Structures are given as structure tokens and as C-alpha cells.
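See below for the structure under consideration.
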Amino acid sequence: DGGITQSPKYLFRKEGQNVTLSCEQNLNHDAMYWYRQDPGQGLRLIYYSQIVNDFQKGDIAEGYSVSREKKESFPLTVTSAQKNPTAFYLCASSIVAGGLNEQFFGPGTRLTVL
Amino acid sequence: QQQVKQSPQSLIVQKGGISIINCAYENTAFDYFPWYQQFPGKGPALLIAIRPDVSEKKEGRFTISFNKSAKQFSLHIMDSQPGDSATYFCAASRGLGGSQGNLIFGKGTKLSVKP
């Protein structure tokens with residue numbers, strides 16, 4: 001059953017803590033993306049990766065970090081430098097980056113800072 | 001120039017009616033315009049997409065209308081059903097590979113279809 005999985009579904013963080021959100025895909029896609037979704041704000045691109053061991057900043061990368069050591073995995077770390085991290089985080093993948101390629105989204109992780 | 005402006009923010013339609021959501025863009029280099037549908041607590045899913053070489057694309061009850069001169073495109077949902085109640089996002093990109101093809105999303109429209 002192919003798709004994108006994100007874990008955990010809900011995550012609570014204390015201020016000053018780093019947390020890592022997991023994203024795994026078994027679609028054999030080269031490109032992966034992280035978006036942040038806030039109410040009434042649409043989806044904003046945090047980071048994307050076109051190939052293993054390579055990634056680029058999106059529009060709102062400050063306070064976030066990523067790694068792409070395996071094709072299937074693209075974890076996102078929300079660091080203590082992110083001042084307003086409470087949001088719904090979505091991971092996506094596509095066959096290759098950009099073009100007319102459909103992006104497939106995971107079910108999301110809702111992060112709440114306590 | 002990178003923005004995609006979407007309206008309305010929310011929409012209430014009676015069952016069987018037509019839902020219309022509009023988007024406008026500034027960057028004339030955009031040439032790929034997808035619409036995504038998102039149910040509460042889920043990730044978005046591609047609904048339908050269009051390129052500017054056609055003015056209209058229809059898939060079942062969903063139609064995209066595209067006006068290149070006005071730099072506008074819209075989603076029409078015919079015979080709207082309660083199961084269509086979701087948030088809809090328009091997006092645009094240059095349709096190119098790599099980073100130049102990153103999607104720019106509108107802010108979304110929350111559609112409620114009343115029985």
C-alpha cells in the first residue's frame with residue numbers, strides 16, 4: 001500500500017525544546033517537501049529536497065532544519081529558534097521536483113507548543 | 001508577483017447548487033494551475049489541474065475555467081454535495097523542473113454544502 005506516512009499525528013513541545021517530525025514515503029519519489037499550514041494562511045514551503053543528500057530552503061526556513069540521508073525519509077526538526085511553531089505540518093513528495101508533477105501529501109502532524 | 005489570491009475565504013452552498021471559487025495571480029510565467037482538496041485533519045489531495053493552453057477543463061462535477069488575459073482561474077463544483085464540504089486550495093507554478101516549479105498556494109476556501 002503506497003503512500004506517505006507522518007508521525008506522530010499530534011506532538012506537544014515545551015518552549016526551548018527541539019522536536020523532530022517524521023516523514024516516510026514508499027512511492028519511490030525523488031522529491032520531498034515540508035509545508036506549514038496555519039488557519040487562513042494556506043500552505044507555506046519550509047524546505048524541499050530534489051535528491052538524496054541535497055535540500056534547499058523554502059519561503060519560511062528560519063528555525064527549521066532537515067536531512068535527506070535516505071530517499072524514503074525526510075525528517076523535519078523544529079528548533080527552539082522557531083518563535084511560533086504551533087501549526088499543522090505537512091510532508092509531500094513527487095516523482096521529481098517541480099514541473100507538472102502531482103504532489104502527494106501525508107496526513108500531517110499537529111504541533112502544539114505548551 | 002509570487003502571490004496567488006484566492007476568494008472567497010468561506011462559502012456556504014445548498015445541496016445541488018454550484019460552488020465557485022476564484023483565484024488570481026500576477027506572475028505571467030506561471031503555467032501550471034492545480035486545485036487541491038483537503039478534508040479536516042487530512043493532507044490535501046490533487047483534485048484537478050490545468051495548463052493555460054486551454055480555457056476550460058472538466059472532470060466529472062469539477063471544472064476549471066481559465067482566463068489568461070485576466071490572469072484568473074476558477075473552480076466550479078456542479079451539483080454540490082455535502083461530501084464536497086472541505087477546504088479547497090488553488091496553486092500555481094511555472095511548470096518547470098526543479099525549484100522553479102515549486103507550487104505557490106492560495107490561502108484556501110472553506111466550503112460547506114448544506115443538505
Side-chain angles (χ1 to χ4, degrees), chain A residues 2-10 21 23-25 27 29-51 54-61 87-111, chain B residues 1-11 21 23-25 27 29-54 57 59 64 86-110:
Chain A
I4 301 177
T5 58
Q6 292 186 242
S7 62
K9 187 173 178 66
Y10 299 97
L21 283 59
C23 177
E24 303 278 333
Q25 54 98 0
L27 300 169
H29 286 173
D30 282 325
M32 297 187 73
Y33 313 80
W34 274 105
Y35 292 92
R36 171 179 172 142
Q37 184 175 20
D38 296 282
Q41 292 298 316
L43 281 70
R44 292 181 291 170
L45 184 64
I46 304 173
Y47 268 98
Y48 63 100
S49 168
Q50 300 182 65
I51 199 167
D54 185 54
F55 49 83
Q56 287 80 39
K57 294 181 179 180
D59 300 318
I60 55 165
F88 190 50
Y89 290 88
L90 288 159
C91 178
S93 71
S94 61
I95 293 175
V96 294
L100 309 181
N101 299 293
E102 176 181 353
Q103 289 190 20
F104 294 81
F105 284 83
T109 292
R110 187 165 299 280
L111 173 63
Chain B
Q1 272 226 332
Q2 285 293 91
Q3 280 190 322
V4 176
K5 296 183 179 179
Q6 183 172 347
S7 63
Q9 190 172 9
S10 63
L11 181 61
I21 304 170
C23 284
Y25 63 97
N27 189 344
F30 287 153
D31 62 357
Y32 174 59
F33 303 92
W35 284 89
Y36 280 79
Q37 179 189 54
Q38 183 181 29
F39 293 104
K42 306 293 184 183
L46 180 66
L47 188 62
I48 187 172
I50 197 169
R51 296 205 69 187
D53 51 346
V54 296
K57 182 175 182 180
E59 290 185 3
I64 298 180
T87 299
Y88 293 81
F89 294 95
C90 63
S93 76
R94 292 182 65 188
L96 298 174
S99 61
Q100 296 178 87
N102 283 342
L103 289 172
I104 308 299
F105 284 88
K107 293 188 175 183
T109 296
K110 185 175 181 180

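Residue numbering restarts at 1 for every chain, and letters A, B, ... go by the order of the sequence lines. The analysis underlying the following values was restricted to heavy atoms, covering all of them including side chains, and did not include hydrogens, waters or symmetry mates. Only a predicted model underlies this, so the values are computations on that prediction, with no experimental measurement involved.
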Spatial distance of atom [atom1] ([X]) from atom [atom2] ([Y]) [nearest 0.5 Å]:
X       : Y       : atom1 : atom2 : answer
K107(B) : D38(A)  : NZ    : CG    : 10.5 Å
Q103(A) : F105(B) : CD    : CZ    : 5.5 Å
L103(B) : E102(A) : CG    : CD    : 10.5 Å

Requested in this report: Determine the minimum heavy-atom distance between F88(A) and Q38(B), stating which atoms define it.
Outcome: CE2-NE2, 3.8 Å
Report summary line: Nearest heavy-atom approach of L90(A) to G43(B) is CD2-CA, 3.7 Å
Query raised in the report: With chain B, which of S94(A), G58(A), G40(A), G108(A) has the greatest number of heavy-atom pairs at distances under 4.5 Å?
Result: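 Top option by heavy-atom pairs under 4.5 Å: G40(A).
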Which atoms of [X] are under 4.5 Å from chain A, going by heavy atoms: the side chain, the backbone, both sets, or neither?
X      : answer
P34(B) : neither
R51(B) : side chain
Q6(B)  : neither

Query - Contact origin within L45(A) toward chain B - heavy atom pairs under 4.5 Å - result: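 Only the side chain of L45(A) comes within 4.5 Å of chain B.
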Query raised in the report: In terms of heavy-atom proximity below 4.5 Å to chain B, should F104(A) be classed as side chain, backbone, both, or neither?
Result: neither
**Report entry** Q56(A) vs N102(B), side-chain contact (heavy atoms from CB on, under 4.5 Å): CA-CA, chis, key distance, verdict
**Finding:** CA-CA 11 Å; Q56(A) 287 80 39; N102(B) 283 342; over 6 Å; no
Requested in this report: Please indicate whether Q9(B) has more than 12 foreign heavy atoms, meaning atoms of other residues, nucleotides or ligands, lying under 6.0 Å from its CD.
Outcome: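 No.
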**Report entry** L46(B), CG: over 12 other non-hydrogen atoms inside 6.0 angstrom
**Finding:** yes
Query raised in the report: Can you find a pair of side-chain heavy atoms, one from T87(B) and one from Q37(A), that are under 4.5 Å apart?
Result: no
